[in-house]
Every structure is written in structure tokens, then in C-alpha cells.
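Structure record follows, encoded as C-alpha cells.
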Amino acid sequence: MTNEQIAAVFDQIAELLALEDENVFRIRSYQRAAEVIRGLGRELAEIRAAGELEQLPGVGEAIAAKVEELLDTGDLQYLRKLQSRYPEGFLELLQVPGVGPKHAKLFLRELGVRNVADLRAAAEAGRIRQLPGMGARSEAKLLEALQNWNESQTRALLAEMLPLAEQMVQLLRGLPEVERADYAGSIRRGRETIGDLDLLATSQHPERVTTAFARSGALERVELAGDTKVSGLLPGGRQADLRVVEPDSYGAALVYFTGSQQHSIRLRERGQDLGLKVNEYGVFAEQDGVEGPRLAGATEEEVYAALGLPWIPPELREDRGELQAAEAGRLPQLITLHDIRCDLHLHSSYTDGADSIAALAEAARQRGYTHIGIADHSASLTVAGGIGEEQIAAQRAEVDRLNAQLRARNQRMRVLLGTEAEIRADGTVDLTPRIFELVDFVVGAVHQGFSADPDRMTARIIAALRTGMVDILAHPTGRLLLQRPAYAVHAAELVAAAVELGVALEINSSPDRLDLSDVNARLAVEQGALLTINSDAHNAANMDLIRLGVLTARRGWVEAPSVINTWPLRKLTAWLQARRQKKAKS
DNA sequence: GCCGTTTTCGGCCCGACTGTTTTCAGTCG
């Protein structure tokens, strides 16, 4: 079983235990274990083989035993037992906004509601309002939630939500009484998919802002509106939450609403140890349960400082060791968009790209880059109009002409020519070494035969790397977010091979790829792999997508020096030269 | 269920909002 599958089992156990009205801390243990497992770079099977399961944070004797059972049998008796107490599909009820374990069980017990369809029928028949603790209002809210449920239940891609978030922040900043406004939540942390949009504003009069926002029409439907909080649905059905606090609390609120929840919990626990209370309004001295004066709150830096920590970049706030690193003064110097000097995976109009090489070079120059790499599809990817040696030779001539022109105009921009080769099912590459008479570098990629099992896929890619023909491995795990699962290969083995062979692993910035993932990027960093962050743009405008790749890299604790896109052109070409010489010798 | 250079037992983050059971439980993040 994959880490993701095992994490999903623990999430399910947590939901079932909540139905059982179990101790909340026991429930939280399973949730925490699930999150820790999702954040692992290594596969659980490997960690188990090394006898290190119980060394994972949040994994003790009981959970370790369950991991082992899942790895050995692909099944878990404990889960089966819990599941057997509820109808199939019952847990889906908990996905309906406003329905928690208590109500779900009430519906089952009193009305025989077994799934979402039953619930809808009961609500439409007016039977919910007859239940103890429920009324006509509860029933109406439930019906409304059910109506919007389908459209809002899937997560959205980061790229889809970022513009929406920026738009909302602009709107908020334009409201009277608003002093500051920002987006927070998982979008500020740069997560690859986003569940809902968290917005934060400051004002001396929070209630005026929440009222104005609720009336602004920004939300298609307002679900909840209080003095400091508004929730509702954006056009398109995405959930949005606005919180408004006073300026003195801005930093504390930003920390809190940026999360992650686990990061917030760790901060509050740390506060407790120091005799401090941490909430979204600030850090307060606390004695015998009595809240003392506010020690921090206006800025994030101040809040972290009150807890004896340096400011932690939002992308790291996942409870994946960032507090320990901060305490030890070992936070990474995260790569920034500003560090990027080039984009090495661009498609031109020679194949399925929209723009000429010259247009791409100019777009890159405008972005402050000093060089780019064209990597059009090679001949065997016919669906993308892949090109053979003859056309690559024509590209070479054009690139040489263009570089001469750029030099003549004293423009600090150079074009490297690459090609995106196919890694075939047998682990060979659809090119011969002669290609290096024409191109400066080769990007290797798998575009077909994805259904192969992970063992075979891993062997296939590593074999391709061993040919020495591949300088950059594009979108290494082949996932497609919200479409195709993340584990097409054994990432850890792939990283090890890339390190051994000096191949750069790509963080592909396509919105539905972001591959390597944050977790795998971190694994690569820890193993000392070279990385490359590329847009994979098929037109000049999409070169801006590299921002997503940089966010993903930051989530993976990536620092600039290990990313070849941050290197000066001279260093990059020297690296490629050295690889060619090594290949020639072998 | 996990965790611990003050603990191997007794803790475990904190607050907003809603609807309804007039004092709070349920849900959410």
C-alpha cells in the first residue's frame, strides 16, 4: 500500500471514532498520524523495513502495528470492525457542511438515514425539524448545504484559486474601514490544491467590514455572518471565509489563519510550555489561567519572537519539523522567484507551442532572465507534433542566428537548445548520442504507458537515466493533480539514482502537475539532488506559471544553490559540458 | 493514542458562530 492509502485509512478511523464519541485526543492521534504520513518523503514500507516506524512523530506502538498490518495484508481488521457498525456510504454524510458525527448518528438512529441521498429525502420531507435539538432553521440550512455540496466538495488547483484570492484581497482593500487585507490559509502556504479561500482583514471596526463584505456581492451566497467572521460561497461554488480583527492582532491572526492547523497547535503548545497563551488575537502572559497583558500580536515576526522563534515562511508551516529547525536556527534560505535566471523547459511553435523561439526569448528577458532552454518534443511524441533530427537541425540554426543577434544588440539573453525526449517502455530514449551535435541538453520524460506498476516504472526511468542521455528528468512521478494518483514510481529510488548520476530532477510548474511534489522535492533536497524548476510553458504568457513551481519548491525546503535555474549561464553550460565529456568517456 | 532532561500517568490549542435544549452542544478551522 502507498503512504497515501495508509493515511486515508487513518483518516477514516478518525471519522469512525468520532461517530463512536471516542476521546477527542485519541481521534486526533489518528489524524495526526495521517498527516505525518502524507508528509513523508520515504515510503512506509522502507521505514518499516528499517525498523523506524515508531520513531516517526505521532506514531506509537498501536499505530505502528496498524501500519504493519496494512503493509502486510493490505487490510486492517480494526478498520473493518469499526466500519461494520455503520452502513456503507455513511461516512459521506460527514462531508456535508454542517453535519458532524453527532448529527449524522442522530439521523441514522432516529430516521434511518444511511447515506447522503437518504438525508436529502429526510430533509425534503420535513423530518429533520422534528428531531430533538433541530428546528426549521437547521433543516433549511441543511437543505442549502446539500444543494451546494456537489460543486464544493472537490478541491481546486492552486492556479485556479490564486487569481481569485488576489481579486478578493483587492476588493477587501477597497472597502472603507479596511486597513490591511491578505489571503491566508493553504493558499498562502502554497499548497498544490485548495479547499477553501481564507481571507483576513484588519479594521478598528471589524463589524462594519464584515457587514460591508457580506453585502458587497463578492459572495454568491452568504452562509454565516457575524461581527468578525463571514462565510459563504464564491461564484463557481468555492467556499470563502473572511475574518476581521483589530490591527494589534493582525500578525497573530495571520499566523493563526495561515495555519496549518497542526502548525498552530504546535505553536500554542509551545506557548503553554512558556506560560503563554496563543490565540488569533495575540500572545498573552498567562498566570493561573488568568489572561495577562498582550506580549505580541501586531506582526507575525513579533508573534514568533514572543515564542522564542524566528519568523517561519508560510510554505514551511506544515508541522514537518519547521519548529525544531527554527529553534535550532537552521531554517532553510528558501529559493525565491527572484533567484530564477532561466526556464529550461519551453515549447516553441516548432511543435505544440504557440510562440516563436524569439518571442519566448524576449518574454524571458522581460522577466529578468538571462537565458532560456527550448525543449520541444522529440519525434516519437506524435500527438504533440514532435520533431526529428532534420527539424532540430533547423532549430539549431535559428537559435544560433538569434543568439548572434542578441549578442549584436548587447542584450543579456541567450538561448540554449534542448529537446524533450521520450523515455520508452523498455528504458531506452528515442534519441542517439549524435543528438548532442545539435542540442545543448536533453530533457527526458515519460508520456505514455503510465499504467505500468510502480516497480516497472521506476526501473524503466532509472534505466533511461543510466544511458547518460538525460540531463533533466521532467515531471518525474507523472501525477496529474485531481486526476491521476501521485504514486506512479518509487520516488525515493528515483531520487537516489538521480543523485548518483547527476541528473537534475524537475519541479514542473504546470498547474495540474507540480511534480516533483513538495514532499518529494524535500526528499530530493535531503539526498543532495540537483533540481530544476521549469514552467513547461507552451506560450510566452505561461512562463509565469513558474511561480507555482517556486512555491512548491519552497514547500520542499529547497534553497537556490541546488536549483540549476539559479546558476549563471556559464556555470550551467559548464555542467552540461562536463556531462557530455563523462558520457563520451563511458 | 501519543508523549515526557521537572512526568511512564495525566495531560493533550483555542475561539467564532449557529440554533435552540434558557446555559450550551455541535461544527468548523
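A note on names: the letters A, B, ... follow the listed sequences, proteins ahead of strands, and every chain is numbered from 1.
Across all strands shown, A:Ala225 has heavy atoms under 4.0 Å from sugar-phosphate atoms exclusively, and none from any base. Backbone-only contact: A:Val278 has heavy atoms under 4.0 Å from sugar-phosphate atoms and none from a base. Contact annotation for A:Arg28: base contact, defined as any heavy-atom pair under 4.0 Å involving a base atom. Among the heavy atoms of the strands lying under 4.0 Å from A:Asp227 are primed sugar atoms or P, OP1, OP2 only; no base atom is included.
For A:Gln272, the side-chain atoms get nearest to B:dC14 when compared with the rest of B:dA16, B:dG1, B:dC14. Looking at the side chain of A:Leu224, the nearest of the listed nucleotides B:dG1, B:dC13, B:dC17 is B:dC17.
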Restricting both atoms to N or O, compile the protein contacts to nucleotides 3-9 of chain B shorter than 3.5 Å, with distance only.
unit_1: B:dC3; atom_1: OP1; unit_2: A:Gly58; atom_2: N; d: 2.7

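Nucleotides B:dG4 and B:dC17, compared at atom C1', are 36 Å apart to the nearest Å. Taking atom C1' on both B:dG29 and B:dT22, the two are 28 Å apart, rounded to the nearest angstrom. B:dC13 and B:dT18 are spaced 26 Å apart, taking the P atom of each and rounding to whole Å. Between B:dG11 and B:dT6, the two C1' atoms lie 14 Å apart (nearest whole Å).
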- Task: Classify every nucleotide of nucleotides 19-29 of chain B by which part a protein heavy atom approaches to under 4.0 Å, writing B for the base, S for the sugar-phosphate alone and - for neither, in 5'-to-3' order.
- Result: SSB----SSSB

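Sorted by first then second residue, the ring pair (Phe, Tyr, Trp, His ring centres under 6.0 Å) pairs that include residues 72-114 of chain A, not counting sequence neighbours, are A:Tyr86-A:Phe90.
Of the two residues contacting DNA chain B, namely A:Arg243 and A:Ala64, the nearest-nucleotide position lying further toward the 5' end is that of A:Ala64.
A 3.5 Å limit on both hydrogen-bonding distances identifies no Watson-Crick or G-U partner for B:dT8.
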